[in-house]
**Student:** 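I have a structure I would like to understand better, so I am pasting it below and will then ask my questions one at a time.
One-based numbering along the sequence shown. Everything quoted here is computed from the prediction, not taken from an experiment. Remember, it's 1-based here, ligands and their atoms both numbered in the order they're listed.
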Amino acid sequence: MEAEGLLAPLSLSAKFEGSFAYLTVRDRLPTILTKVIDTLHRNKDNFFKEYGEEGTQAEKTAISFLSKLRNELQTDKPVLALIDNAEDTEAWNEYMQRQQDLMEDGNPVSWFKSPWLYVECYMYRKIQEALYMNPPMDKFDVFKEGKTQSYFESQQAIKSLCTYLQELITNMENMTAIQLRDNFLKLLQVSLWGNKCDLSISAGQDNSQKSSPIDSLPDLQRFILVDDSSIVWSTLAAAQGSGSSGMKHTRVDIVLDNAGFELVTDLVLADFLVSAGLAKQIRFHGKSIPWFVSDVTKQDFEWTIMQTMAANHKWMSASGVQWKHFVKEGTWSYHDHSFWTLPHEFCDMAVDAADLYSTLQGSDMILFKGDLNYRKLTGDRKWEHTVPFDQALRGFQPAPLCSLRTLKADVQVGLQPGQAEKLSSQDPDWMTNGKYAVVQFSNPHREQ
Ligand code: F6P
Ligand code: MG
């Protein structure tokens, strides 16, 4: 009886015709593959200049690999095992077997029949396979141009945010506890709305931040469907005094999402946390391969800091210099782990990436940025909207955690009874149009 209550609902999948997963697999994923092919094609001369005939050949082979992949996707062919012998190849193939075991009637795992989360992640990993299999292109980031462009197109917003940050830091000493809290909540919201700016939902179209991020906050408040930010604040504030000597070495982990404006909002929040003495250490977690068009890699992280440092704007460059210093002295550190680019739900982490899970257990607060992280937190399943967030995590509770996410996929838990129905009647696309957001918190130590 209890097993029935605990059973997780079905995974979202393109097999549900007309669903957002179906439309994504049918329309958006092939568009993204076409853009990747175009990017390789446009860089043909550069590959030749850099690597000669070998570069040209690699580009051609990678393009035909990706065209074949697009065709397989569009005609719902079986998903194939990876053959590139990378660090994560075995894990991917083992996961494919798990998916195979879940298929009804022994049908092969395929694009329109298997879980959406799995096949969408698989597409990005296959793009990487096309490059791995064709050195010297194995280090090429097919999404770099778009990420760079989105950073430059958000310049105005970045300038105003960095100016705001530097003013706060200058006045930090005179700030009352209430002002400190209010400013924390503002920057948390800026980081939340920074997640509007991803390039995957728009299939690579410009999605940058144009207006002043701080000024927009009051108008956006009513679009936050669940707002646990004051619990995030009190948990962080409580962590300060919980060490044996009264002061604790508070550590915040930020599981990053997109490069461009969103990353800047995360760095600004991280700077505030350290400058205000709310955290002694920030660990950023990013992707080890290009992922979901705009996700942050180590290269993007370093590039963004360098670029901000080099900006011809006093407060932007002052921010960049400070960030570089944080990295140099180890207050900030960047980490990648292959688990972040595997297709697993996060409830699998304790078993499938035990090292990462135990690292996260050392955190005082983990901030999960963005939609894909939310999908993985909740398993990308057809949950009832009123199911508590803790329940949808299915045991994934390494430390106090908070999801900062704008809604771009049709999974949402933790709502009040009637809230989803009301939203559906007012705005039928509320789960996928990126207008709404949640700040959702869970604490493994919370008293029940
Ligand atoms: O469906 C939109 C989408 O491509 C989802 O697949 C994915 O969850 C999301 O965009 C990426 O958004 P984010 O960058 O916020 O994780
Ligand atoms: Mg993303």
**Student:** Please check if atom CD in Glu90 has more than 12 non-hydrogen atoms from other residues, nucleotides or ligands closer than 6.0 Å.
**Tutor:** no
**Student:** As an exercise, identify every atom of ligand 1 less than 4.0 angstrom from a heavy atom of Arg28.
**Tutor:**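 So the answer, numbered in order with elements, is 1 (O), 2 (C), 3 (C), 4 (O).
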**Student:** Check all N, O or S atoms of Asp295 and name the one closest to the Mg ion (ligand 2).
**Tutor:**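 Closest N, O or S atom of Asp295 to the Mg ion (ligand 2): OD1.
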**Student:** Test side chain to side chain contact (heavy atoms under 4.5 Å, CB included) on Trp193 and Leu217 and set out the steps.
**Tutor:** CA-CA 9 Å; Trp193 291 114; Leu217 294 180; 3.9 Å; yes
**Student:** May I ask you to identify, for Leu372, whether its side chain, its backbone, both or neither come under 4.0 Å of ligand 1 on a heavy-atom basis?
**Tutor:** both
**Student:** Any N or O on Arg375 sitting closer than 3.5 Å to an N or O of ligand 1?
**Tutor:** yes
**Student:** Out of all atoms in ligand 1, which are within 4.0 Å of some heavy atom of Asn195? Include the element for each.
**Tutor:** 15 (O)
**Student:** In ligand 1, which numbered atoms sit nearer than 4.0 Å to a non-hydrogen atom of Glu120?
**Tutor:** 4 (O), 6 (O)
**Student:** Between Phe16 and Trp116, does the ring centroid distance fall short of 6.0 Å?
**Tutor:** no
**Student:** I'd like to know if Arg375 pairs up with Glu120 as an ion pair, taking the criterion as any Lys NZ or Arg NE/NH1/NH2 lying under 4.0 Å from an Asp or Glu carboxylate oxygen.
**Tutor:** yes
**Student:** In Asp257, what N, O or S atom is nearest to the Mg ion (ligand 2), if we give its atom name?
**Tutor:** OD1
**Student:** At less than 4.0 angstrom from any non-hydrogen atom of Phe20, what atoms of ligand 1 do you find?
**Tutor:** 1 (O)
